[in-house]
Amino acid sequence: MTNNHRSRHKQRGFVDNAKASDLPLSGPEVVARLATEPLHQVLHTLGTDVSGLPLADVGQRQTRYGPNEIAHDKPPHWTRQLVSAFNNPFVFVLLALVTISFFTDVYFADPGDQDYKGIIILSTMVTISGLLRFFSEFRSLQAAEKLKAMVRTTASVRRRLSASGKSERHEVAMRELVVGDIVTLQAGDMIPADLRLIESRDLFISQAVLTGEALPVEKYDTLGAVAQKSASIAAGGANANLLDLSNVCFMGTNVVSGTAVGVVVATGGDTYFGALAKNVVSHKRVETSFDRGVNSVSWLLIRFMLVMVPIVFMINGLTKGDWVSALTFALAVAVGLTPEMLPMIVSANLARGALAMSRRKVVVKRLNSVQNFGAMDVLCTDKTGTLTQDRIILEQHLDVAGDEQEDVLRLGWLNSYHQSGQRNLIDVAIIRRANEIGESVQPRAFAKIDELPFDFVRRRLSVVVANDRGEHQMITKGAVEEMLSVATHVKTPQGVRALDNTARAMLIARAEAYNEDGFRVLVVATRDIPAGETKTQYKTSDERELTVCGFLTFLDPPKDSAAPAIAALREHGVTVKVLTGDNPIVTIKVCRQVGLEPGTPLLGTDIEPMDDATLREVVGRTTVFAKLAPLHKARVVKALQANGHTVGFLGDGINDAPALRDADVGISVDTGADIAKETADIILLEKSLMVLEAGVIKGRETFGNILKYLNMTASSNFGNVFSVLVASAFLPWEPMLAMQLLIQNLIYDISQMFLPWDRMDPEFLKKPRKWDASNIRRFMLWIGPTSSVFDITTYALMWTVFGAGALYHAHGGDAGQVIMNSGWFIEGLVSQTLVVHLLRTQKIPFLQSTPALPIMLSTSVAIAIACWLPYSPFAGALGFVSLPFSYFYWLVATMLGYIALAQMVKTVYIRRFGRWF
């Protein structure tokens with residue numbers, strides 16, 4: 001070991017009396033070495049014990065190591081954000097034009113003819129575009145971090161107030177963990193750091209986030225065969241895999257079932273997960289539909305530019321004979337086709353959407369999911385707590401004959417009271433009911449021996465207790481069919497008898513009758529364990545030969561808001577499907593109570609043998625999916641996506657994590673399991689479908705304002721280019737100087753900055769919306785040439801009425817061009833800006849749909865600047881001349897004609913294609 005490594009380990013305080021030379025060199029080797037060492041030596045090396053660290057020691061270690069966070073999770077430094085703000089294909093186009101303009105206007109120009117104005121304007125556009133995007137995204141990231149801070153993910157640790165103090169259990173934020181902390185785990189917990197297990201019970205960990213393996217793996221605290229595997233890893237063996245260590249749990253994975261206690265051996269960037277993050281392997285999201293949509297539209301416009309600009313260049317060069325001027329003008333046209341503000345408009349819209357959703361108790365973890373939320377057309381949701389009140393009530397405790405029996409509640413209480421896993425609403429309901437009755441159903445003389453935690457395959461939970469005579473009894477509760485599969489006897493009022501087919505059918509029929517009344521049903525069973533078979537640790541194989549004692553029936557009433565929320569989602573084009581692990585009969589009952597027609601349910605056992613093609617065909621016509629395992633839910637989500645749907649998934653449990661990860665929009669709640677909150681894109685601070693409906697509307701409103709900019713800018717720019725093509729073919733000079741075209745484009749783009757504040761028509765919000773580059777292309781080709789009609793009439797007007805043609809015929813050269821330039825500059829910018837009000841809605845502007853105040857002000861200012869510039873002190877430098885006041889009468893007439901024609905074209909377009917945006 002080098003001196004640097006020795007000093008580093010000593011400084012970190014890992015070593016007390018241990019020799020530094022005994023320690024390995026780096027993170028993976030540290031974990032592998034600590035996995036093989038005896039527990040007392042591991043604790044000694046880490047300077048801790050099973051009681052936990054003293055708080056003073058925790059503070060020192062936090063100062064030394066920093067927070068337990070993956071660096072990739074943090075927002076980039078503002079300097080990186082600033083650089084990335086200019087990383088955009090449109091900015092690259094502008095920079096290329098700056099470079100070409102430098103050579104044409106400065107480098108190769110005569111000393112007296114050098115012109116920096118084009119370079120200055122282009123550079124200004126690049127700077128404004130990049131800075132606006134930077135400030136917008138910087139504020140968005142800051143807001144997103146504040147929103148994420150509202151969702152707190154914690155870990156349960158043992159700590160002491162002082163070195164000699166009593167160990168206490170604390171819930172602390174995961175980022176506050178340090179090496180040496182003693183962490184307790186139960187079902188649903190995220191593994192907060194790399195842990196060496198101290199003790200465990202039936203611990204199953206999902207390592208899918210690291211390995212992609214769907215099935216959980218068992219972890220245990222005994223060394224066993226770990227030593228050989230760990231030695232191979234420490235030695236760098238060719239087949240070594242750190243994840244194979246069975247007594248180490250890794251950060252980012254999650255507990256599926258069981259309980260455990262572990263000591264933190266690595267945090268943050270020193271963990272296995274942290275190493276992946278540094279290599280950009282973890283946290284790399286698959287490109288979403290939003291990302292693909294933006295990219296498709298961007299490259300559509302760039303391809304269009306690559307076609308049109310050479311045509312403009314060739315026509316001007318051939319007709320005017322001045323190829324340098326033709327190149328300069330073609331570059332200005334390229335700028336005119338570039339929607340420079342697209343990145344800023346997108347970022348500003350998403351940020352505004354996220355902030356607006358936060359006011360509706362929706363926390364957006366990833367900004368892009370705002371648009372995906374609006375595009376969602378299928379919502380898959382759990383039943384409990386979403387359609388129901390999330391407050392389960394134990395209604396009845398019955399023997400197998402259907403009579404009230406306190407002994408059944410007594411057994412249920414023993415099971416729920418002594419289980420140490422994630423205490424769910426059913427356990428809470430049992431304990432609450434027992435508290436209401438009193439000590440007669442709360443036997444305290446029993447001591448817990450062991451437990452077999454609940455999992456989603458067995459669907460039952462067992463606790464082994466001993467009475468005051470030391471006799472062991474297994475008490476099991478669980479789903480009806482799963483319980484009957486391991487039961488052999490039934491306890492009737494007449495005594496215990498064999499569970500034959502008749503008795504089994506009777507029990508199933510009774511349970512189904514309770515289900516049809518809206519009750520959830522659990523079976524309670526016991527097994528007296530003979531003295532010769534007692535032990536301190538039991539296995540799931542010991543769940544056998546059980547005697548069914550009775551039923552526990554639970555009621556989870558529907559929420560009052562569920563029915564109107566489902567109706568509102570349906571009205572907005574979102575189909576609700578229920579994916580639950582619960583009984584199909586209960587689920588059907590609840591669905592009908594909330595106005596959701598359940599149809600024929602599809603069970604997990606039905607899905608299991610289906611291939612993907614069959615499942616794709618079935619899911620479209622199915623509303624209720626019941627008795628699902630976690631992987632069944634994920635398969636349903638993927639099948640719906642394969643059918644072309646944008647799928648949202650609302651879940652809060654461990655079993656929901658695979659589906660949350662695969663959905664287009666993963667939605668969880670702040671009271672959900674850690675793994676659910678970490679996986680989700682959006683967190684609800686209130687578990688309500690009404691909150692979802694509000695989020696859907698805001699997502700569509702956000703997306704609508706982005707589409708407005710794209711459609712209006714693309715069609716307007718295309719119209720200008722089409723007008724330029726006509727002018728280039730028939731006019732003796734360009735209808736507008738390159739510099740004037742750039743100024744016009746800059747003023748228009750700045751006026752569009754306020755589009756994120758506009759409102760959308762209610763009709764637009766009724767349906768899910770997706771990116772459609774083909775519709776934008778069609779919109780350009782239909783709406784763009786409309787403006788060209790009046791651009792051409794303006795050419796004719798300036799040529800005849802205002803004397804541009806007479807001056808040219810009298811003097812030749814560029815005589816009359818300044819009049820043409822001034823007239824078309826005003827008309828082009830006014831029409832381009834004014835048409836925003838027409839194109840922003842499919843209704844009649846101002847009469848049926850009024851824009852937001854920021855849009856009114858920005859477009860009014862842009863029109864005022866357009867009319868003022870030819871009369872301003874800068875007119876001469878910019879190549880403008882003052883026009884007679886009569887020009888504005890013609891301008892008003894032109895605008896009225898343009899608005900009338902554009903409205904007619906819009907009406908025909910909507911009738912033909914059935915949509916506007």
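Small disclaimer: the values here were computed from a predicted structure and weren't measured.
- Using modelled atom types, one finds a donor on one side chain and an acceptor on the other under 3.5 Å when comparing Asn775 with Arg778.
- Taking every heavy atom of both residues into account, His572 and Arg700 meet most closely at O-NH1, 2.5 Å.
- A side-chain donor-acceptor contact under 3.5 Å links Thr841 and Asp761.
- In terms of the side-chain hydrogen bond (donor to acceptor under 3.5 Å, both in side chains) criterion, Thr575 has no residue partners (sequence neighbours excluded).
- Counting only distance, with no hydrogens or angles, the side chain of Asp556 and the backbone of Ile392 share no donor-acceptor pair below 3.5 Å.
- Between the side chain of Lys577 and the backbone N or O of Val619 there is at least one donor-acceptor pair closer than 3.5 Å.
- What you find for Thr646 and Ala375 is that their closest heavy atoms are CB-O, 3.4 Å.
- Taking each heavy atom of Arg759 and Pro851 in turn, the nearest pair found is NH1-O, 3.1 Å.
- For the atom pair CG (Leu640) and CG (Asp377), the distance works out to 9.0 Å, reported to the nearest 0.5 Å.
- With hydrogens and angles ignored, the 3.5 Å screen pairs no side-chain donor or acceptor of Arg769 with any backbone N or O of Gly704.
- Residues Thr600 and Thr622 come closest through the heavy atom pair O-CG2, 3.9 Å.
- Closest of all the heavy-atom pairs between Ser416 and Ile430 is OG-CD1, 3.4 Å.
- Ion pairing between a basic and an acidic side chain is recognised when a charged N comes within 4.0 Å of a carboxylate O; Arg621 and Glu617 show such pairing.
- The aromatic rings of Phe913 and Tyr909 sit tilted relative to each other, their planes meeting at an angle between 30° and 60°.
- The backbone N or O of Val586 lies less than 3.5 Å from no partner atom in the side chain of Asn515, so there is not a single donor-acceptor pair.
- Contact check for Thr476 versus Met483: side-chain heavy atoms found under the 4.5 Å cut-off.
- Inspection of the Asp611 and Thr614 side chains reveals an N or O donor paired with an N or O acceptor under 3.5 Å.
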(Q) Please determine whether salt bridge (charged side-chain N to carboxylate O under 4.0 Å, His left out) holds for the pair Glu481 and Arg459, giving the CA-CA distance in whole Å, both sets of side-chain angles, and the decisive distance to 0.1 Å. (A) CA-CA 9 Å; Glu481 293 179 7; Arg459 297 172 63 82; over 6 Å; no
